[in-house]
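Order of the sequence lines sets the chain letters (A, B, ...), proteins ahead of strands, with each chain counted from 1.
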2 protein chains.
Amino acid sequence: MSLPQKIALIAGGGTLPHEVISGALQRNLSVYVAAMTGFAKMSDFDSPGGEFGLGEFKRMLKVFKAEKCTHIVMAGIIERPDFKSLKLDLRSLSLLPKVLKAAAKGDDALLSMIVSEFEKEGFYILAPQDICQTPLIQAGVLGAYSPTKKHQADIIKARETALLMGAHDIGQGCVVCNGLVLAVEAQEGTDKMLERVACLPENIRGNAETRLGVLSKRLKPEQEDRVDLPTIGPRTIELAAKAGLAGIVVEAGKAFVLDKEHVRTLADKHKIFVLGYEKN
Amino acid sequence: MSLPQKIALIAGGGTLPHEVISGALQRNLSVYVAAMTGFAKMSDFDSPGGEFGLGEFKRMLKVFKAEKCTHIVMAGIIERPDFKSLKLDLRSLSLLPKVLKAAAKGDDALLSMIVSEFEKEGFYILAPQDICQTPLIQAGVLGAYSPTKKHQADIIKARETALLMGAHDIGQGCVVCNGLVLAVEAQEGTDKMLERVACLPENIRGNAETRLGVLSKRLKPEQEDRVDLPTIGPRTIELAAKAGLAGIVVEAGKAFVLDKEHVRTLADKHKIFVLGYEKN
């Protein structure tokens with residue numbers, strides 16, 4: 001991989017783009033921020049950049065080249081756009097059939113397609129974790145609580161179920177409690193999945209007194225790990241707590257923990273374990 | 001299979017137990033109703049019977065034998081009990097370790113275990129559909145709307161995804177729209193899954209004007225088909241309509257349509273197809 005000189009950061013919502021910028025500055029890399037309209041605003045950033053619509057592929061290419069960016073990083077939350085109402089420049093319009101075809105196959109296919117279009121134009125695509133390791137989860141537990149023997153079976157089943165879901169590009173997450181799959185994430189996302197676990201009858205889940213069950217989020221086996229790594233943050237912990245879960249497991253080095261110190265404090269407060277496991 | 005003389009109907013909630021009673025009376029079979037406390041009441045039935053708690057296995061056996069019931073049918077909605085707070089008679093208590101072990105493996109294992117315990121006592125277990133064919137879905141469409149060519153890919157993917165979920169005893173249902181798995185059912189049930197599809201952004205689902213996407217419910221491949229057959233009813237159609245779906249697919253002869261005429265009317269009103277497909 002060639003060393004980056006200047007990176008274009010395609011920035012969606014959330015704190016990850018900011019962590020990438022910090023990381024880049026620490027490495028003396030210049031950053032041009034392309035804030036995605038509807039998800040991020042230039043006023044949130046100190047770095048130079050501009051705002052772009054999702055359908056402005058040609059304009060992005062042109063500006064990134066003019067800015068002498070050699071590498072691109074995509075970071076932050078961008079939800080699937082409404083392709084019908086998207087304003088598209090000509091280049092994007094020519095890509096639309098390909099985009100729609102990829103979108104119908106699932107999130108992976110869509111992201112891989114976008115990555116390959118940028119690569120065709122001579123850009124190198126970097127992962128956020130190439131620029132900034134801070135938000136990656138390490139092996140071991142984050143915080144004061146560790147899984148015990150009684151959590152092992154749920155951890156294994158949750159990891160396996162998440163793998164199965166990922167292999168079929170259905171989603172990254174699931175919740176398993178006492179051997180029973182309580183919920184599986186598809187397009188609604190992890191937060192909504194956890195909210196519904198909290199609505200299940202108490203007899204099949206844990207509660208604040210007796211924590212039971214495990215959330216697993218996992219990179220899909222075929223997934224491009226330069227975009228859309230599984231992510232947890234303070235809200236994940238709060239919702240896991242409300243759902244009565246005992247813990248959260250993600251693969252070490254393959255998931256982001258945003259606002260790590262806050263996550264640690266909340267996990268300890270609710271007596272929830274957060275485990276980065278080594279792939280075996 | 002020996003011919004039933006008198007059947008014990010273990011009745012949960014909903015209309016299915018009533019359809020079973022009608023079917024039994026048409027066949028001149030006597031019925032003793034065991035209404036499950038919390039799910040059904042004797043005052044809802046004209047037939048003789050009694051009310052039983054879920055933990056009164058021994059009492060049920062004794063009464064069914066005294067009533068000279070030879071066959072047992074389980075019909076209607078019974079949710080997973082809270083094993084901790086269940087009042088158990090001695091016989092049930094001795095079964096508890098086995099029940100808990102089966103329950104942790106999933107719904108199938110739990111139901112198979114209950115069936116086998118009744119069989120050990122000399123009872124024959126019948127399916128509701130052995131007594132009453134009326135609520136079973138036939139091959140073909142129910143109502144005025146049929147799937148068109150554009151629905152085929154979603155129908156296939158929804159059937160396959162439901163099969164995958166069933167094979168892992170996760171759940172019976174899923175929703176697929178334009179190739180994308182929008183939602184997968186686990187412990188929350190079909191209604192809640194449809195409600196959340198209605199909450200997804202409109203750009204990835206259909207609406208009342210442009211119906212898109214398919215709900216599939218499917219018997220799990222290893223599933224005991226004498227209990228817990230996939231079921232749809234008027235509420236399923238209403239919620240599918242709100243979720244913007246184009247149709248519902250279930251396996252012909254392997255799913256119940258409760259209140260069939262009402263379902264047909266609602267499906268036609270919302271321009272939704274209801275398809276019973278032949279297994280191939």
Side-chain angles (χ1 to χ4, degrees), chain A residues 38 54 79-86 100-110 153-154 157 160-171 173-189 191-193 195-205 210 212-213, chain B residues 54 79-86 100-110 153-154 157 160-171 173-189 191-193 195-205 207 210 212-213:
Chain A
L54 282 177
E79 280 156 11
R80 277 182 169 248
D82 184 351
F83 294 112
K84 276 177 222 141
S85 64
L86 213 55
L100 289 176
K101 205 176 159 194
K105 284 193 200 154
D107 289 340
D108 284 2
L110 181 58
D154 280 350
K157 186 155 182 181
E160 285 172 355
T161 305
L163 181 65
L164 180 76
M165 296 304 129
H168 291 84
D169 202 5
I170 291 171
C174 69
V175 173
V176 173
C177 183
N178 279 342
L180 199 62
V181 180
L182 295 189
V184 166
E185 177 185 342
Q187 287 296 315
E188 76 281 15
D191 288 3
K192 293 249 164 63
M193 176 181 61
E195 283 170 11
R196 85 174 169 268
V197 173
C199 294
L200 290 175
E202 273 219 24
N203 55 326
I204 59 167
R205 62 174 176 90
T210 312
L212 287 173
Chain B
L54 281 177
E79 280 156 13
R80 273 181 173 251
D82 183 351
F83 294 111
K84 277 177 225 144
S85 65
L86 214 55
L100 289 176
K101 205 176 158 194
K105 285 195 198 152
D107 290 340
D108 284 3
L110 181 58
D154 280 350
K157 188 157 181 181
E160 284 171 356
T161 305
L163 182 64
L164 180 76
M165 296 304 128
H168 291 83
D169 202 6
I170 291 170
C174 69
V175 173
V176 173
C177 182
N178 279 341
L180 199 63
V181 179
L182 295 189
V184 166
E185 177 185 343
Q187 287 297 316
E188 77 281 15
D191 288 3
K192 293 251 164 60
M193 175 181 63
E195 283 170 11
R196 87 175 168 267
V197 173
C199 295
L200 290 175
E202 273 221 23
N203 55 327
I204 58 167
R205 62 175 176 89
N207 55 40
T210 311
L212 286 173

- Item | 4.5 Å side-chain heavy-atom contact, Lys192(B) and Arg196(A) | no
- Contact class of Met193(A) relative to chain B, heavy atoms under 4.5 angstrom: neither
- side chain to side chain contact (heavy atoms under 4.5 Å, CB included) between Val181(B) and His168(A), worked out: CA-CA 9 Å; Val181(B) 179; His168(A) 291 84; over 6 Å; no
- Query: Side chain, backbone, both or neither: which part of Leu182(A) has a heavy atom under 4.5 Å from chain B?
  - Reply: both
- Item | Any residue meeting salt bridge (charged side-chain N to carboxylate O under 4.0 Å, His left out) with Glu195(B), in chain and number order, not counting sequence neighbours | Arg235(B)
- Under a 4.5 Å heavy-atom cutoff, which of Val184(B), Val175(B), Val197(B) has the most pairs with chain A? Val184(B)
- Using a 4.5 Å cut-off on heavy atoms from C-beta on, say whether the side chain of Gln187(A) contacts that of Ile204(B). yes
